[in-house]
Amino acid sequence: MAYENSPADQDALPPGVLRRAIAASAMGNATEWFDYGVYAFTVSYISATFFPGDTGSATLYALLVFAVSFVVRPLGGLVWGPLGDRLGRRQVLALTILLMASATFCVGLVPGYDVIGFWAPLLLVLLRMVQGFSTGGEYGGAATFMAEYSPDRKRGFCGSFLEFGTLGGYALGAIVVLTVEVASTEPFMETWGWRIPFLIAGPMGLIGLYLRTKLEETPVFRELDEEGAVEAGAATEFKDLVTEYWRPMLLLAGLVVALNVTNYTLLSYMPTYLETQIGLSSTASLTLFIVGQLVMMAVIPFAGGLSDRFGRKPLWYVSLVGLIVLAIPMYLLMRQGFAWAIIAFAVLGLLYVLQLSTISATFPAMFPTHVRFAGFAIAYNVSTSLFGGTAPAVNELLIEWTDNTLMPAFYMMIACGIGLVALYFVAETAGASIRGRGMPGIDTEPHPTTYAEK
C-alpha cells in the first residue's frame, strides 16, 4: 500500500491537515454521543412509546435497552479493531460512522407499541445493537486516529478535542430536546417531538463521513505499513494481544471502569436521577445539564494542555481522589434545590474532565502501533459493556433495592477506587513517541521538549 507525504514526525504536518484530522475525529464522536445523550434525555418518552405498563417498570426497561447496545460493543471491537490495524484507521472509521448515524436515524422512525405491538421494542433493541456494534470500533478508532495525527508534545491538547466532541454531542442532544420541548406541546412530544433529535443524527453522520473520507491515513500507521510491519492477520494479532499485551489491556480495563461508571452516571443517568429522585422537571434537569456541559467543554482543552505539561497520571490522580472524596457531599448538595444542583453537578463534572480530557492521549499510548486499534477497542469495549452502559440501570436498581438515593455516589466511588489501583501500574506516556512496535513510554524515546524529560 503506497502513500504520499508520509512525514516522519507529526510536527511536520501542515496545521490545516491536523485541524481537519481533529475535526473528523471529533465530529464522529459527537455523533455517537449525540445519540447516547438524546436517548438519555428522552427516556421517559421512549419508555411510554415502546413499553406498556407502569411508569417505573417502563423506565427500567428503557434503561435496559440503553444497556443492550453495550452488550455488542465488545463484538464490534473484536471485528473493527483488527481490521483497523490491518487496513488502516480511516477506512474503518468511515464505515462505523455511517452505520452509527443510520441506526440512530432509524430509531426516530420506528412506530410505537400501540401501532405494531411487540415489533416496536424488538426493532428498538436491534437498532441499539447496530449502534453498539459500530461504536465498538468508533471510539477506539477515533482516539487512535487523533493520537496518531497529533504531535507527541501536544497529544494531550489535541486529543482533548475528541472529548470536546463527546461533550458537544451530549450538549447538542440536550439543547435539541429542550428546544423541541419548549416549542411544542406535551401530546406532540409524546408522538413525534421526541423523534426529531434522532432524525438529526442522519445529516450529522454524513458531515462526519465527508470529513473522514477527505483525509489520508494517519502518519504513524503509514510509516508502519511502508515498513511492512503491520499485523499479518486477526489470528496473529489476537495471539499477540493475549500473550504479550494482556497487561496493558487489563490496566486499561481498570481505568475504564472508573471512567465509564463516572461518565454514564453523570452524563446519561443524571437527567433520569434528577427527575425521578430529586423531583426536578424535565426542563429544569436539561437546563442544569446544558450549563454543566458547557462549563466542562470550556475547561477540557486547558486540562488536555496541562497533561502535556505535567503528565497524564497526576490529572487522573486528582480526578479519582476528588470524586471519591466529594461524590457524597455533592449528591447531598443536589437535594437542596436547583441552583445548588447546578453547582454540585459542575464540581463533579470538572473533576471528571481531568480524566476525560486525557483519555484520547493516554489509552492509545498504552499499546504499540501494530496492535493499538485492536488492543484499545477490545479492552475498552469489554470494560464499557460490563460497567459503563449498565451504570444507569444498575443505579436505578440499587436505589430501588436499598431505597437510598445516594447509591449512584457510592457506585462511582467504588469504580474510582478500582481506577486508582490500575493507575498505579500504568506507565507515564506524556511526550513519548507512539511510533513503531515499541511500548510508548517504555521502549520509545520522548520528544526533547516535553514533560517526559523535565
Within the 4.5 Å heavy-atom criterion, are [X] and [Y] side-chain neighbours or not?
X	Y	value
Leu93	Trp80	no
Leu252	Tyr380	yes
Asn260	Ser383	no
Arg90	Phe145	yes
Arg155	Arg312	yes
Pro364	Arg372	yes

When you look at Phe363 and Phe367, which way does the ring pair (Phe, Tyr, Trp, His ring centres under 6.0 Å) test go after all the steps? CA-CA 8 Å; Phe363 290 174; Phe367 299 93; 9.2 Å; no
Distance-only, no hydrogens or angles: does the Lys313 side chain make a donor-acceptor pair with backbone N or O of Leu423 under 3.5 Å? yes
Given 3.5 Å as the limit, does a donor-acceptor pair link the side chain of Arg128 with the main chain of Val107, or not?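 The answer is no, because no donor-acceptor pair under 3.5 Å joins these two groups.
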Return the OH to OG1 distance between Tyr39 and Thr42, rounded to the nearest 0.5 Å.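 Between atom OH of Tyr39 and atom OG1 of Thr42 there are 8.0 Å.
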Examine Arg89 relative to Tyr149 and say whether NZ or CZ is less than 6.0 Å from the centre of the six-membered ring and inside a 45° cone about the ring axis.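 No.
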Residues passing the side-chain contact (heavy atoms from CB on, under 4.5 Å) test with Val125, sequence neighbours excluded, are Val65, Val68, Met129
